[in-house]
Amino acid sequence: MKVVSLRYNFMQMEYNFQSIEQNWRKFWAENQTYKVEEDATKEKYYVLDMFPYPSGAGLHVGHPLGYIASDIFARYKRLKGFNVLHPMGYDSFGLPAEQYAIQTGQHPEKTTKENINRYRDQLDKIGFSFDWSREVKTSSPEYYKWTQWIFIELFNSYYCNTDKKAKPIAELVAIFDKKGNGGIDAVCDQEFDFTAEDWGNFSPSQQEAILQKYRLTYLADSWVNWCPALGTVLANDEVVNGVSERGGHPVEQKLMRQWSMRIKAYAERLLTGLDGLDWTESIKEIQRYWIGKSQGASVFFPLWKGIDGEDTVKIEVFTTRPDTIFGVNFLVLAPEHPLVAEITTEEFKTGVEEYKRLSSLKSERDRQSDVKNITGQKTGAKALHPFTGEEIDIWIADYVLASYGTGAVMAVPCGDQRDWDFATHFGIEIKNIFRDIDISTAAYVEKDAEIANSEFLNGLTAKAAIAKAVEAIEEKGFGKGKTNYRLRDAVFSRQRYWGEPFPVYYKNGLPQMIETAHLPVILPDVEKYLPTEDGQPPLGNATVWAWDTTANKVVSNELIDNKTIFPLELNTMPGWAGSSWYFLRYVDPLNTDTFADQSKIDYWKNVDLYIGGSEHATGHLLYARFWTKFLYDRGFIPFEEPFQKMINQGMILGRSSFVYRNAEGKIVSRGKLSGNETPIHVDISLVDNDKLDVAGFKDWRTDYATAEFVFEDDGTFICGSEVEKMSKSKYNVQTPDELVEKFGADTLRMYEMFLGPLEQSKPWDTKGINGVSNFLRKLWRLFNIDENGVAQLSKEAPSKENLKTLHKTIQKIQDDLDRFSFNTGVSNFMICVNELTEQKCDKHGILSELVVLISPFAPHIAEQLWVALGNEAGTVSRQQFPIFNPEYLAEASFGYPVSFNGKMRFKVDLDVALSAAEVEKIVMEMPETTKWLEGKAPKKVIVVPGRIVNIVL
RNA sequence: GCUCGAGUGGUGGAAUGGUAGACACGCCGGACUUAAAAUCCUGUGCUCUUUGGGGCGUGCGGGUUCAAGUCCCGCCUCGAGUACCA
């Protein structure tokens, strides 16, 4: 033993990861090793990471987790002979940079640039195989020129329900010119009819107002989530529990004129498209829920007496339970419903006004937390039940939402708990339409009861009754069957500075698109990044922000004459604009004529593997799917789903350390706590294995310099710990840089993978990193590298045992990678190296294949060893290797069944690659088999290739 | 409340219905060393034991199966999403 260890120390070159990694980083950059081009002779594979927002805090160890996994996969695919597109960029528009700008007056572009440089620096150290020549930044004008272009295309499109796709708005206008809008089945805000003649007589602004109801992006007054603290509106996915996702500020409802995206037009396709995607069921489920399809009917309830004899006023409600229509006791409108003011009787005017005022004051959050508080107000108006002709009261209540369905419901207290609560609270009589069901204590919401008191629906249960009710409603013209979606159109305006400017100017109050040839409209400079005094968005501060329609350029505001020079839009686009199509730009990032060259798009197509967090389920992932479908409809791209397979990596949490201060101000060790101490976060760099570096702690903060300590009995100071999100303020941030410095990038890469399943959230912990570090040193030692960096290995033929170890590993690693089990992949390498060490294997043939196999995981050491084996530098990173071909193991292998277990099944060693018939023969001739069969002939013999033999009697 | 996911040693975690706990950390013991570090070796689910071995073990209770961590039914706990959606 002693001799062996001495021999290694004297003769072997140490594994010096620092110089190795530095050299290869340089080599890869200089040789552009990872640059890819279209290559028709190779199959493409597109591996993408969700690009980061470059925040000021830099990367912590959690960020690279997904990047490492995708990098391993990209490298693996390259070894298998695929032409791999693996780019990276930055989602560089966003709130933090702007808030920093407000505080410091620095241009967000400057801080963004600094942050990007820092990110790039950190990323480079981890050995990613990104093709950096394809880098995109959403905040660069060359990029957002095409974001603006997509916006214009959306503006110039409508959604045709007949063909179930988006089409140019010009085609719609042509139809209007010819025959009006009768018979057109298109997605539209409102139902109304006009003839070709009407259309011709409308003024341009009337025409435009109509078109806005069809366009896929449109300007409309809508109820939006307004966040006063951020001074901007937010999309639904940016509001969490009634507060803003960023910063946690309260959000209220406000009616504002805003750009919106007609994503609702795509609701059905966004829903059905999920079926073909290889995503986790949970993300699909979240999207399904968010889209929220429900089938039912919309029913019109005429007013009891038309206002001033007018009999056209009808309240439209949406219900999923038309079978309960005879149980309707009253109607409820949302307080914001447009008809409320109109229908309210004199007697109830003040009450209704007051109720509307109170509910408008409530924030979204109050409205949510107030669920148990039942409120409502009678309007005095009455509607007629369409079937029975009964008079029913119309109420307003804020449990009815203006933005869902029609903003009005038919209340069926016997069959809906909320209606029941409401009726009970206000002492409204409840009609029971269920046979033998007691509804005195609660509504009956199940659908299995027999319906009674309902004329033609009597005796039916829900399913049949719904169909029959819809039939009757349609037949009598009271309404029609309808599908409703919870998904709402997405607000697209933000009252911010640091975002894409709209390519829009206003002529007579009507929005005009700037022609593509004159894009991009570049974000102007402003003095202040805050809203203007009169409440305009920050772009209201810009002095050069008007559009000259003759020169086609941005000019000074002073020149605005509304004849040839017009004001430009003051809002900017939301953060998700740029990220909704960036995967397309990577394909051809420098193109100035189009968003990407058609032939390149045709070659690379959509993303094969997308890795990122699941927090984007209802935001980015939905919007990107929407835009992709739109671009597909309009013939710009040949696919309609952007991300075929997706893996969601879990969050890496921080492990915070605490010291405890007692009432006397002493700092107490964990073992000496009495329970009355206050925990204080302490920087984790001062703590090793829960042991505090007391001297360092005293230096850390001046107020601790003279602190008194209560130590453990053995004189050490032990910290407490807790798992929390990694954050600067908790002093628990571990940067990858320190670990790369200390252990090397290859160790970091493998350790992050070794931590556990990729999808799982887990606390960061460096306890086990030595294990990986030892493993790489062991691997290095196997190669017996001499002073000149050359591997001293035997050219002898490998032993059967050597081959078995290698082939088993090749098989397992492929299995692991194909099911994205990177952690077991690392383990299998460890097993392999342990076995080869034990076998004292120094065979060139075995070890060179091992290097290839391990290169996706630990590319730096693999390159070094590859060269040490006498190969050309850089080739292991790009070349195709036959060890991954299915034929390889079949040809090279030898196998035999190893274990007999149970009565009918044989587990066979993994590296068996004999044909099924051969395995069957061997197994059938085994003494155990013969004994078990007792002379009977088996009915069936199932051989799972190379794995398991089942014998069925 | 509803929907989805997960519960395995001291720890992170392996395991296609087929020898549960691979691999790693940690720990115990040993070798080498003046010493430390590094390295290497042995052991390590719990438990009983006459040291041969035996019993019990994958949140709980049932079931299917020759065989269940894995499949089915009912609970418990934790996590995620969502929340008056008519």
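Here is how names work: the chains are called A, B, and so on, in the same order as the sequence lines, proteins then strands, and each is numbered from 1.
Between G59(B) and C76(B), the distance separating the two C1' atoms is 7 Å to the nearest Å. Taking atom C1' on both U49(B) and G54(B), the two are 8 Å apart, rounded to the nearest angstrom. Using atom P as the reference point in both A80(B) and C25(B), the two lie 31 Å apart (nearest Å). Taking the C1' atom of each, C71(B) and U16(B) are spaced 13 Å apart, rounded to whole Å.
Listed candidates were C23(B), U82(B), C4(B). Nearest to the side chain of Ile831(A) is C23(B). Of the candidates A15(B), U39(B), A86(B), U39(B) carries the atom nearest the Asn774(A) side chain, counting heavy atoms from C-beta on.
Each of Val317(A), Val409(A), Thr379(A), Ile396(A) was evaluated against Leu333(A); a single residue qualifies, Ile396(A), per the side chain to side chain contact (heavy atoms under 4.5 Å, CB included) test.
The side chain to side chain contact (heavy atoms under 4.5 Å, CB included) test applied to Ile430(A) returns Pro413(A), Cys414(A), Trp420(A), Ala423(A), Thr424(A), Ile439(A), not counting sequence neighbours. Checked against side chain to side chain contact (heavy atoms under 4.5 Å, CB included), Ala469(A) has the following partners two or more places apart in sequence or in another chain: Pro322(A), Leu457(A). With sequence neighbours excluded, the residues forming a salt bridge (Lys or Arg N to Asp or Glu O under 4.0 Å) with Glu281(A) are Arg288(A), listed by chain and number. Under the rule for a side-chain hydrogen bond (donor to acceptor under 3.5 Å, both in side chains), the partners of Glu835(A) that lie at least two apart in sequence or sit in another chain are Thr805(A), Lys808(A). The salt bridge (Lys or Arg N to Asp or Glu O under 4.0 Å) test applied to Lys778(A) returns no partner, not counting sequence neighbours. By the side chain to side chain contact (heavy atoms under 4.5 Å, CB included) test, Phe17(A) pairs with Tyr15(A), Glu21(A), sequence neighbours left out. Remark: Lys264(A) engages Asp489(A) in a side chain to side chain contact (heavy atoms under 4.5 Å, CB included) (not counting sequence neighbours).
Comparing Arg777(A) and Thr406(A) along RNA chain B, the residue whose closest nucleotide (by nearest heavy atom) sits nearer the 5' end is Arg777(A).
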Problem set entry | Chi angles and distances behind the side-chain contact (heavy atoms from CB on, under 4.5 Å) call for Ile72(A), Phe822(A) | CA-CA 9 Å; Ile72(A) 290 172; Phe822(A) 299 95; 3.7 Å; yes
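Residue Arg819(A) places at least one side-chain N or O under 4.0 Å from the OP1 or OP2 atom of A15(B). Proximity of Asn834(A) to the phosphate of A24(B): a side-chain N or O atom is located under 4.0 Å from OP1 or OP2. Contact annotation: Asn828(A) side-chain N/O to C23(B) OP1/OP2 distance is not under 4.0 Å. In this model, the phosphate group of A86(B) is not approached by any side-chain N or O of Tyr399(A) to a distance below 4.0 Å at OP1 or OP2.
Pairs passing the side-chain hydrogen bond (donor to acceptor under 3.5 Å, both in side chains) check and including a residue from residues 820-832 of chain A, sequence neighbours excluded, read Asp816(A)-Thr824(A), Asp816(A)-Asn828(A), Ser821(A)-Asn823(A), Ser821(A)-Thr824(A).
When heavy atoms are screened at a 4.0 angstrom cut-off, Glu281(A) is found touching no nucleic acid atom at all. Nucleic acid contact class of Lys284(A) (heavy atoms, under 4.0 Å, all strands): none. As judged by a 4.0 angstrom heavy-atom cut-off over every strand, Asn484(A) is placed among residues making no nucleic acid contact.
Contacts between residues 288-301 of chain A and RNA chain B, counted as heavy-atom distances below 4.0 Å, involve Tyr289(A), Ser294(A).
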Could you run down the sub-3.5 Å N/O contacts of the protein with nucleotides 10-13 of chain B?
from   : atom 1 : to        : atom 2 : distance (Å)
G12(B) : O2'    : Leu755(A) : O      : 2.6
G13(B) : OP1    : Gln760(A) : OE1    : 2.8
G13(B) : O3'    : Asn823(A) : ND2    : 3.4

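The main-chain N or O of Val412(A) is found under 3.5 Å from a side-chain atom of Asp419(A) such that the two form a donor-acceptor pair.
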Let me check something: any side-chain donor-acceptor pairs from residues 752-761 of chain A under 3.5 Å, sequence neighbours excluded? List them with distances.
from      : atom 1 : to        : atom 2 : distance (Å)
Ser761(A) : OG     : Met651(A) : N      : 3.2

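Counting only Watson-Crick and G-U wobble pairs whose two distances sit under 3.5 Å, RNA chain B takes part in these stems of three or more pairs: B:1-7 with B:76-82, B:10-12 with B:23-25, B:29-31 with B:39-41, B:45-48 with B:53-56, B:59-63 with B:71-75.
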